[in-house]
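Hydrogens, waters and symmetry mates are skipped; everything else that's a heavy atom, side chains included, is used.
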Amino acid sequence: MKPEILLIEPMMPEVEAQLDAAYRVHRLFQAKDPAALVAEIAPAVRGIATGGAHGVANNVFDALPNLEIIAINGIGTDAVDLERARARGVRVTTTPGVLIDDVADLALGLMLAVSRRICVADRFAREGRWPHAHLPLSAKVSGKRLGVFGLGHVGRAIARRAEGFGMPIAYSERHPVEVAYRFVPQLDELARDSDFLVVAANAGPETHGIVNRQVLDALGPQGVLINVARGSIVDEEALVAALVEGRLGGAGLDVFAHEPNVPEALWKMDNVVLLPHQASATVETRRAMADLVLANLAAHFSGKELPTPVV
């Protein structure tokens with residue numbers, strides 16, 4: 001008999017076809033009554049496939065007594081209770097390495113889009129206003145000061161790309177690392193010394209809301225915040241207030257505190273670029289991520305070593 005798994009969010013059609021071929025797949029995202037579905041299938045489910053943002057709610061986790069593995073299609077583990085998993089001996093895997101370039105590319109794209117007002121200019125041209133008016137000048141990106149909060153694989157990839165723009169680079173981390181960039185231990189100090197502050201840190205209790213009013217005010221009315229990490233790292237109410245009140249120059253946001261909900265106050269701001277969590281959303285990378293999800297599930301159910309375990 002095929003092992004039974006719970007698919008919490010949709011994946012690429014060809015990947016779901018491969019899951020269907022190997023497992024009996026229960027699709028939580030299609031259920032009219034998700035709680036009823038979980039209750040019905042609970043004893044049979046041995047695995048979960050999910051995304052980094054959705055993760056696994058604790059009530060779902062606790063309802064599955066025979067759960068053995070959670071395969072996350074992403075690198076974030078903040079939406080899965082890892083201590084719960086360790087306590088129950090449930091394996092957890094992610095898809096590291098394959099999405100670094102796309103996330104770093106998008107961070108630079110957001111920097112350009114906000115400062116050069118690319119989205120504003122696109123609307124200006126599409127609406128036929130060009131023959132009758134002129135856009136205000138935008139702001140230069142090359143040579144500006146870049147602060148990177150979180151110098152892991154993604155943060156370093158962003159910094160390497162920024163080098164090509166001639167940007168002086170500094171970073172904040174828990175501890176300094178072996179790089180040529182300037183280490184700034186205090187996040188508000190990093191923000192004060194930056195024209196762009198890019199959030200690339202891991203989400204968790206220690207970083208929840210850490211980009212707060214103090215940090216945003218340090219970045220200031222000419223500064224731009226870029227977030228390609230997790231919405232929970234930024235105090236979203238403080239961010240909205242800073243933008244509304246003109247205390248922050250602009251923002252490029254791929255992630256939000258309560259996805260898929262985006263604060264309505266940001267919708268019409270020309271100095272803000274909003275994306276629906278698209279950093280890894282290329283065909284090539286999503287395929288590579290899915291391949292790792294499939295490989296981890298296959299390895300577990302065949303008794304082999306997991307390719308990319310976290311727990």
Does D217 form a salt bridge (charged side-chain N to carboxylate O under 4.0 Å, His left out) with R192? I'd like the steps, not just the answer. CA-CA 8 Å; D217 283 349; R192 190 171 295 109; over 6 Å; no

Taking the basic N atoms (NZ, or NE/NH1/NH2) and the acidic carboxylate oxygens, is any pair closer than 4.0 Å for D235 and R213? no

Atom CD1 of I5 and atom CZ of R24: how far apart are they, to the nearest 0.5 Å? 12.0 Å

Is the closest side-chain heavy-atom distance between L37 and R27 below 4.5 Å? no

L64 side, atom CG; I41 side, atom CD1 - distance, nearest 0.5 Å: 7.0 Å

Less than 4.5 Å apart, any side-chain heavy atom of L19 and any of L7? yes

Nearest-0.5 Å distance, OG of residue S194 to CG of residue L225: 10.5 Å

Would a hydrophobic clustering, with Ile, Leu, Val, Met, Phe, Trp and Tyr connected at side-chain separations under 4.5 Å, put L248 with L197? yes

Determine the minimum heavy-atom distance between A63 and V38, stating which atoms define it. CB-CG1, 3.7 Å

Nearest-0.5 Å distance, CG of residue L99 to CG of residue L106: 12.0 Å

Under a 3.5 Å cutoff, is there a donor and acceptor pairing between the side chains of T285 and D102? yes

Quick check: does any side chain N or O of E9 sit under 3.5 Å from a backbone N or O of T50, one acting as donor and the other as acceptor? no

Within one Ile-Leu-Val-Met-Phe-Trp-Tyr cluster: V120 and V244, side-chain cutoff 4.5 Å: no

Indicate yes or no: at least one non-hydrogen side-chain atom of E40 is less than 4.5 angstrom from one of H26. no

Taking all non-hydrogen atoms of both residues into account, name the closest pair between L146 and A162 and its distance. CD2-CB, 3.4 Å

Look at the side chain of D122 and the backbone N and O of A125, then say whether any donor-acceptor pair between them is shorter than 3.5 Å. no

Does a donor on one side chain sit under 3.5 Å from an acceptor on the other, for R116 and S138? yes

Please evaluate residues S280 and M289 with respect to the criterion side-chain contact (heavy atoms from CB on, under 4.5 Å), reporting the C-alpha separation (whole Å), side-chain torsions for both, the decisive distance (0.1 Å), and the verdict. CA-CA 9 Å; S280 66; M289 291 167 64; 3.9 Å; yes

Given 3.5 Å as the limit, does a donor-acceptor pair link the side chain of E284 with the main chain of T282, or not? no

Side chain of R91, backbone of V311: donor and acceptor closer than 3.5 Å? yes

A side-chain contact here means heavy atoms from C-beta on lying under 4.5 Å apart; do I72 and T93 qualify? no

Judged by atom type as modelled, is there a donor-acceptor pair below 3.5 Å linking the side chain of S172 to the main-chain atoms of V184? yes

Closest approach of A251 and L243, non-hydrogen atoms and distance? CB-CD1, 4.2 Å

Quick check: do R84 and N58 have side-chain heavy atoms less than 4.5 Å from each other? yes

Residues R86, E83; criterion salt bridge (charged side-chain N to carboxylate O under 4.0 Å, His left out); working and verdict: CA-CA 5 Å; R86 289 189 181 96; E83 291 308 312; 2.6 Å; yes

For L190 and V148, which heavy atoms make the closest approach, and how far apart are they? CD2-O, 3.8 Å

Under 4.5 Å between any side-chain heavy atoms of L294 and L292, yes or no? no

With a 3.5 Å distance limit and no angle check, can you tell me whether T207 reaches the backbone of G204 through a side-chain donor-acceptor pair? yes

Give a yes or no on this: more than 12 heavy atoms of other residues, nucleotides or ligands lie within 6.0 Å of atom NZ of K2. yes

From CG (N66) to CD (E4), nearest 0.5 Å: 10.5 Å

Side-chain contact test, heavy atoms from C-beta onward, threshold under 4.5 Å: evaluate it for V199 versus I226 and give yes or no. no

Please check if atom CD in Q186 has more than 12 non-hydrogen atoms from other residues, nucleotides or ligands closer than 6.0 Å. no

Sub-4.5 Å side-chain heavy-atom contact between W130 and L135: no

Would you kindly confirm whether F196 and I118 end up in one hydrophobic cluster when ILVMFWY residues are joined by side chain heavy atoms under 4.5 Å apart? yes

Counting distance only, does the side-chain N/O of T308 pair as donor-acceptor with the main-chain N or O of T94 below 3.5 Å? yes

Closer than 4.0 angstrom, basic N to acidic O: yes or no for R161 and D101? yes

Could you tell me if E163 and Y181 have a donor-acceptor pair between their side chains, going purely by distance under 3.5 Å? yes

Check whether more than 12 heavy atoms from other residues, nucleotides or ligands sit under 6.0 Å from atom CG of D105, and answer yes or no. yes

Using a 6.0 Å cut-off, check whether atom CD of E237 has over 12 heavy atoms from anything other than its own residue. no

Does R174 pair with E206 as a salt bridge, N-O distance under 4.0 Å? no

Check: L274 main-chain N/O paired with W267 side-chain donor or acceptor under 3.5 Å: no

Among the clusters formed by ILVMFWY side chains lying less than 4.5 Å apart, do V273 and F165 turn up in the same one? yes

Using the test side chain to side chain donor-acceptor pair (under 3.5 Å), find all partners of H300 that sit at least two apart in sequence or belong to another chain. E68

Hey, is the main chain of M11 close enough, under 3.5 Å, to the side chain of E16 for a donor-acceptor pair? yes

List the steps, then state whether side-chain contact (heavy atoms from CB on, under 4.5 Å) holds for R156 with V177. CA-CA 11 Å; R156 293 186 195 210; V177 294; 3.7 Å; yes

Just checking, is any N or O donor in the side chain of N73 or T95 under 3.5 Å from an acceptor N or O on the other one? no

Interatomic distance, R129 atom CZ to R123 atom CZ [nearest 0.5 angstrom]: 8.0 Å

So, do F149 and Y171 have ring centers that fall under 6.0 Å from each other? no

For a side-chain contact (heavy atoms from CB on, under 4.5 Å) check, start with the C-alpha distance between F61 and I48, then their side-chain angles and the critical distance, and finish with the verdict. CA-CA 9 Å; F61 190 112; I48 287 177; 6.0 Å; no

L6 reachable from V25 in the ILVMFWY side-chain graph, under 4.5 Å edges: no

Steps toward side-chain contact (heavy atoms from CB on, under 4.5 Å) verdict (I158, V228): CA-CA 10 Å; I158 292 168; V228 291; 4.3 Å; yes

Taking everything shown except R247 itself, do over 12 heavy atoms lie less than 6.0 Å from its CZ? yes

Check this for me: Q222, atom CD, are more than 12 non-hydrogen atoms of other residues, nucleotides or ligands nearer than 6.0 Å? no

For H277, does the NE2 atom sit with more than 12 other heavy atoms under 6.0 Å from it, leaving out its own atoms? yes

Please report the shortest heavy-atom distance between D254 and E259, naming the atom on each side. O-OE2, 4.3 Å

Heavy-atom closest pair, residues P96 and I75: CA-CG2, 3.7 Å

